[in-house]
Amino acid sequence: MTHATQGGTMPQNSDGFYQESDHGLTLTARTLPGGDRRTYLCLAGEIDIASSAVLSKAVDWLTALGPVIVLVDLAELTFACSTLSNFVVRVRQSMPDDAELILWRARPATEWMLRVTDMATIATIRDEAQ
């Protein structure tokens, strides 16, 4: 199955699973069962300006999907710069106004960066998913 997006496609298998890697970042996207457009994103490795193409595809896909909840797992990020904050803002802008964006399991340095850049005003930051 392929989900069309404004800037390209995010091919997924029949389980709604997609994975792409580039420049030290692996992004895994999965639509969760239930038909309510809940989405799980996992970012692993290093996120910097070189990761922009992978991140842009994910934002385009989310725009087309219109999820009600996006859960972004940050546990496997080993480095994150302001590109992560820019990505979070773009994800939030791609979602319906009443949708929820959750950032969870960030390592201490990543969580510090999210708090310093005030991402808590547009997303919920959690240690563990509920």
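Under a hydrophobic-cluster definition in which Ile, Leu, Val, Met, Phe, Trp and Tyr are linked whenever side-chain heavy atoms come within less than 4.5 Å, directly or via other members, F79 and L43 are assigned to different clusters. Note on L84 and W112: same hydrophobic cluster, where clusters join Ile, Leu, Val, Met, Phe, Trp and Tyr whose side-chain heavy atoms are under 4.5 Å apart, directly or indirectly.
Side-chain atoms of T78 come within 3.5 Å of backbone N or O of G45 as a donor-acceptor pair. Panel note: side chain T39, backbone V70; no donor-acceptor pair is recorded below 3.5 Å. In this structure, the side chain of R38 does not engage the main chain of P67 through any donor-acceptor pair within 3.5 Å. The closest donor-acceptor contact from the side chain of S56 to the backbone of A53 lies at 3.5 Å or more, if one exists at all.
Taking CG of D48 as the start and NE2 of H23 as the end, the distance is 8.5 Å to the nearest 0.5 Å. With rounding to the nearest 0.5 angstrom, the CZ atom of F87 is 12.5 Å from the CE atom of M119. With rounding to the nearest 0.5 Å, the separation of CG in D98 from CD1 in I69 is 10.5 Å. A distance of 8.0 Å separates CG of L27 from SG of C42, quoted to the nearest 0.5 Å. Between N86 atom CG and L55 atom CG the span is 9.5 Å, to the nearest 0.5 Å. Taking CD1 from I125 and CG from L101, the interatomic distance works out to 9.5 Å, rounded to the nearest 0.5 Å.
E100 is linked by a salt bridge (charged side-chain N to carboxylate O under 4.0 Å, His left out) to R126, counting only residues two or more places apart in sequence or in another chain. The side-chain hydrogen bond (donor to acceptor under 3.5 Å, both in side chains) search around T117 returns S85, not counting sequence neighbours.
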*Pair R90-L62, side chain to side chain contact (heavy atoms under 4.5 Å, CB included): steps then yes or no*: CA-CA 10 Å; R90 291 183 62 213; L62 288 168; over 6 Å; no
*Please step through side chain to side chain contact (heavy atoms under 4.5 Å, CB included) for the pair V72 and W104, ending with a clear verdict.*
CA-CA 6 Å; V72 183; W104 69 295; 5.7 Å; no
*Let me see the working for V91 and V59 under side chain to side chain contact (heavy atoms under 4.5 Å, CB included), right down to the final yes or no.*
CA-CA 6 Å; V91 168; V59 170; 4.1 Å; yes
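What you find for R37 and G66 is that their closest heavy atoms are NE-O, 2.6 Å. Of all heavy-atom pairs spanning S51 and E46, the tightest one is OG-O, 3.4 Å.
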